Amino acid sequence: MGSETDPQSVRREKLAALEERGVDPYPASWRVDDTAADLLAGFRDEGPPHAARVGGRVVSMRSHGKTAFLHIADGSGRIQVYLRRDELGDEAYSLVDHIDLGDFVGVAGELFRTRTGEVTVRAREVAILAKALRPLPLGKVVEDGGEARAYHQVSDQEFRYRQRYADLAVHPETRKVFEARARVIRYLRNFLDARGFLEVETPALQPVYGGAAARPFTTHHNALDSTLYLRIADELYLKRCVVGGIDRVYEIAKDFRNEGMDRFHNPEFTMLEFYQAYADYRDFMELAEEMLVGLVAELHGGTALSFQGRSVDVRRPWPRIRFLDALAAEGVDVSDLSRPALASEAARFGLEITPDEGAGKILDGLFGRLVEPALAGPAFVVDHPAVLSPLAKAHRDDPRLVERFEAYLFGSEWANAFSELNDPRDQRARLEAQVRQAADGDEEAPNVVDEDFLRALEYGMPPTAGMGVGVDRLVMFLTDQPSIRDVILFPTLRPEGSAT
RNA sequence: GGGCCCCUAACUCAACGGUAGAGUAUCGGCCUUUUAAGCCGAGAGUUGUGGGUUCGAAUCCCACGGGGCCCA
């Protein structure tokens with residue numbers, strides 16, 4: 001295969017040539033004193049020359065015979081390097097012939113400003129730090145008055161998701177998304193820490209799954225010879241913590257749901273859940289508003305947020321829309337919440353339902369079709385029917401409803417909260433009803449009652465509010481990324497059939 | 001689960017039933033302040049895979065694979 005101009009063969013040949021000269025193409029270390037960004041920021045035209053010692057990946061190269069310019073990129077940004085044969089000597093300069101785009105190099109020298117005005121490291125010493133055997137699809141990037149114009153960048157989404165390492169190496173803006181993601185998570189942690197919440201870790205491997213309606217991933221523990229499930233939610237364990245007296249508790253963790261994948265769903269995703277004793281869902285609406293307003297200010301300043309061409313203002317307070325009122329406003333008859341009545345309403349609105357879908361599913365479907373798309377600005381949907389929410393407390397004013405809200409943004413739910421159900425008798429009845437649903441074919445209902453959870457509730461759980469936040473989706477909104485795969489470093493993909 | 005769209009050189013794209021091309025990248029040559037460096041020259045493809053229609057298929061049809069978008 002290896003014709004002489006095939007990039008990978010060429011690189012292997014250069015590597016062999018280096019080793020023949022006694023140059024280690026993968027040295028153990030190279031002391032770095034500076035980052036590209038610091039050097040550029042700290043440069044002064046007057047005064048003695050500023051020493052510079054950097055390392056980075058070669059992302060562009062212009063060789064002129066006895067001189068060469070290249071740009072190297074480190075974690076902070078990129079900086080130009082200027083190599084002269086008369087200053088480096090023939091032997092050191094000949095390294096230039098063995099450097100390819102994508103190689104890591106170390107450069108020591110001093111800063112100067114070129115004729116065209118770019119702050120540049122004039123090299124006194126050059127070393128190859130790691131030879132790249134595989135070419136990166138490096139497009140050309142031109143700094144144009146602060147704006148980086150890029151040419152011929154890889155646009156193939158599959159490549160970007162499957163080879164995120166190359167995507168990151170080639171697209172600085174991809175890294176920006178993940179820096180923003182880290183800021184979001186840091187903000188959430190600080191937000192809760194500052195309010196006295198304790199961060200905990202609960203099991204990802206669970207003998208009984210619960211806390212949400214979803215099909216689980218199933219696995220097996222060999223030593224115990226027992227089936228275990230990857231958690232679909234943290235809820236039931238965090239409530240156990242509240243039973244134990246951790247009045248304010250939270251967890252940021254991966255949940256796993258064995259369901260379809262799309263722009264808003266990845267099989268493993270990051271969930272924040274937090275619980276506060278002696279609070280109710282109304283308190284948490286305030287908290288949700290504070291949280292999002294704070295995040296928007298943290299990431300963008302101000303209260304404006306744009307997502308995929310739509311712009312909203314997140315200023316408080318947000319409208320509170322009662323679930324059944326919203327459906328009624330669309331013409332749905334919600335006077336009878338029995339399954340037959342709802343099924344006929346669904347038919348009237350052209351919503352197909354299957355026999356195993358209960359009243360809750362139908363309500364959910366009607367709501368998703370008729371109401372959700374219109375919820376562009378921040379809003380709370382509140383007071384859901386009890387059938388939809390087996391873990392929420394019955395509404396103090398209307399026993400058909402529960403004390404629950406979902407926070408919406410850009411037509412999509414990003415948070416879900418209840419006044420938590422703490423009556424162990426009511427909770428048992430609802431969990432047993434779920435198991436019956438499972439027996440009737442509902443694959444999203446848990447198949448056994450979590451007796452240990454009920455035991456915990458029987459010891460007594462104070463009145464408590466709880467909220468779950470889909471962190472990935474929140475990051476999508478805050479970073480204006482169109483797909484959940486753009487905010488997960490290594491999203492789930494179908495396994496590659498054949499390599500290379 | 002259903003519908004629509006995409007897959008051509010390493011990258012970005014053209015060719016839309018009649019010989020598969022360009023720019024970048026790569027390779028060789030020249031070049032001591034360039035920056036999408038420049039000039040001269042070269043190599044590079046089982047057009048995602050498999051089948052079919054046709055004198056002839058990247059192009060039309062079918063299946064499969066992968067991806068994207070929309071809907072359930």
Side-chain angles (χ1 to χ4, degrees), chain A residues 1-14 58-72 78-88 90 93 96-102 112-123 132-145 147-163 166-167 169-171 259-265 308 346 349-354 357 361-362 364-369 372-373 411 443 482-486 491-500:
Chain A
M1 262 286 210
S3 79
E4 281 178 8
T5 57
D6 160 54
Q8 295 199 43
S9 307
V10 168
R11 284 161 186 252
R12 283 176 197 282
E13 282 161 20
K14 288 182 182 174
V58 177
V59 293
S60 74
M61 189 154 49
R62 294 171 296 284
S63 166
H64 297 253
K66 298 188 181 67
T67 66
F69 288 91
L70 46 88
H71 277 92
I72 63 173
R78 54 171 63 201
I79 191 166
Q80 183 167 256
V81 173
Y82 179 45
L83 306 168
R84 292 174 63 102
R85 186 151 93 177
D86 58 0
E87 291 175 2
L88 284 163
D90 289 356
Y93 189 81
V96 170
D97 295 332
H98 299 84
I99 293 174
D100 292 301
L101 289 182
F112 77 112
R113 192 183 288 278
T114 64
R115 218 176 263 166
T116 53
E118 181 163 352
V119 175
T120 300
V121 180
R122 184 187 214 100
L133 292 181
R134 191 181 285 267
L136 282 167
L138 280 160
K140 299 212 166 181
V141 176
V142 189
E143 311 288 341
D144 184 14
E147 297 235 334
R149 276 187 302 157
Y151 298 84
H152 301 121
Q153 292 212 297
V154 187
S155 63
D156 179 26
Q157 291 295 76
E158 182 178 2
F159 170 85
R160 301 185 64 171
Y161 299 150
R162 283 200 195 279
Q163 302 189 40
D167 178 31
V170 160
H171 298 131
E259 300 177 333
M261 300 153 57
D262 62 29
R263 210 152 71 79
F264 286 103
H265 298 89
Q308 301 296 295
F349 285 92
L351 185 72
E352 285 179 33
I353 54 169
T354 57
E357 287 181 334
K361 270 283 171 109
I362 298 171
D364 209 25
L366 284 168
F367 190 85
R369 165 169 303 192
E372 267 187 22
E443 290 184 315
S483 167
I484 197 168
R485 289 176 164 181
D486 297 315
T492 305
L493 296 174
R494 206 176 286 275
E496 280 184 281
S498 55
T500 321

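Heavy atoms only: backbone and side chains are in, while hydrogens, waters and symmetry mates are out. Throughout, a chain's letter reflects where its sequence line sits, starting with A, and its residues are numbered from 1. Note that the structure is predicted; figures quoted are calculated from it, not measured.
Taking 3.5 Å as the limit, the base of B:rU32 and the side chain of A:Arg85 contain no donor-acceptor pair of atoms between them. Side-chain N/O atoms of A:Glu118 and base N/O atoms of B:rU33 include no donor-acceptor pair closer than 3.5 Å. Between the side chain of A:Thr67 and the base of B:rU33, no donor-acceptor pair under 3.5 Å is found.
Summarising the geometry, atom CZ belonging to A:Arg85 is positioned 14.5 Å from atom NE2 belonging to A:His64; distances are rounded to the nearest 0.5 Å. Rounding to the nearest 0.5 Å gives a distance of 5.5 Å between CZ of A:Arg160 and CD of A:Gln157.
In this structure, A:Ser155 reaches the sugar-phosphate backbone alone: every heavy-atom distance under 4.0 Å involves primed, P, OP1 or OP2 atoms, never a base. Residue contacts for A:Arg485: at a heavy-atom cut-off of 4.0 Å it reaches the sugar-phosphate backbone alone, with no base atom in range. Among the heavy atoms of the strands lying under 4.0 Å from A:Asp100 are primed sugar atoms or P, OP1, OP2 only; no base atom is included. Using a 4.0 Å heavy-atom distance criterion, A:Lys14 is classed as a sugar-phosphate-only contact.
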Given the rule in the side chain to side chain contact (heavy atoms under 4.5 Å, CB included) test, do A:Arg62 and A:His71 qualify, once you have shown the distances and angles that lead to the verdict? CA-CA 9 Å; A:Arg62 294 171 296 284; A:His71 277 92; 3.5 Å; yes
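Between the A:Arg12 side chain and the A:Leu133 main chain, no donor and acceptor come within less than 3.5 Å of each other. Side chain of A:Tyr161 to main chain of A:Thr492: no donor-acceptor pair is present (N/O by atom type, distance under 3.5 Å, no hydrogens or angles).
Counting to the nearest Å, the C1' atom of B:rU33 and the CZ atom of A:Arg113 are 14 Å from each other. For the pair A:Arg115 CZ and B:rU33 C1', the computed distance is 5 Å after rounding to whole Å. In this entry the distance linking CZ of A:Arg160 with C1' of B:rC11 reads 13 Å, nearest Å. The separation between A:Leu101 atom CG and B:rA10 atom P is 17 Å, rounded to whole Å. Atom OH of A:Tyr82 is separated from atom P of B:rU33 by 5 Å (rounded to the nearest Å). Whole-Å rounding puts the A:Arg62 CZ to B:rU24 P distance at 15 Å. Here the P atom of nucleotide B:rC31 and the NZ atom of A:Lys66 are 5 Å apart, to the nearest Å. Regarding A:Ile362, its CD1 atom lies at a distance of 16 Å from the P atom of B:rA72, rounded to whole Å.
The aromatic rings of A:Phe69 and A:Tyr82 sit parallel to each other, their planes meeting at less than 30°, with 60° as the upper class boundary.
Listed nucleotides B:rU33, B:rG68, B:rU12 differ in distance to A:Asp156; the shortest reach to its side chain belongs to B:rU12. Among B:rU34, B:rU32, B:rU12, the nucleotide with an atom closest to any side-chain atom of A:Val154 is B:rU12. When each of B:rU32, B:rU34, B:rC69 is scored by its nearest atom to the side-chain atoms of A:Arg84, the top-ranked nucleotide is B:rU32.
The same atom, C1', is picked in B:rU47 and in B:rG21; the two are 12 Å apart, to the nearest Å. Atom C1' of B:rG52 sits at a distance of 15 Å from the matching atom of B:rU59, rounded to the whole Å. Comparing the same atom, C1', in B:rA15 and in B:rA20 gives a spacing of 7 Å after rounding to whole Å. Only the C1' atoms considered, B:rG51 is 49 Å distant from B:rC39, to the nearest whole Å. Between B:rG23 and B:rA37, the two C1' atoms lie 16 Å apart (nearest whole Å). On the P atoms, B:rU8 is 15 Å away from B:rA58, given to the nearest whole Å. Separation of the P atoms belonging to B:rG41 and B:rU24 is 14 Å when rounded to the nearest angstrom. Distance check on atom P: B:rG18 versus B:rA10 gives 25 Å, rounded to whole Å.
Mapped onto RNA chain B by nearest heavy atom, A:Phe112 and A:Pro137 fall at different nucleotides, with A:Pro137 at the one closer to the 5' end.
Remark: B:rG41 base-pairs with B:rC27; criterion is Watson-Crick or G-U wobble with both hydrogen-bond distances under 3.5 Å. If you check B:rC4 for Watson-Crick or wobble pairing at under 3.5 angstrom, you find it paired to B:rG68. Using the Watson-Crick or G-U wobble rule with both distances under 3.5 Å, B:rU53 pairs with nothing in any strand shown.
Considering only side-chain N and O atoms, A:Arg162 lies under 4.0 angstrom from the phosphate OP1 or OP2 of B:rG67. Residue A:Arg263 has no polar side-chain atom (N or O) positioned under 4.0 Å from OP1 or OP2 of B:rG68.
Taking each heavy atom of A:Leu88 and A:Ala123 in turn, the nearest pair found is CD2-O, 3.8 Å.
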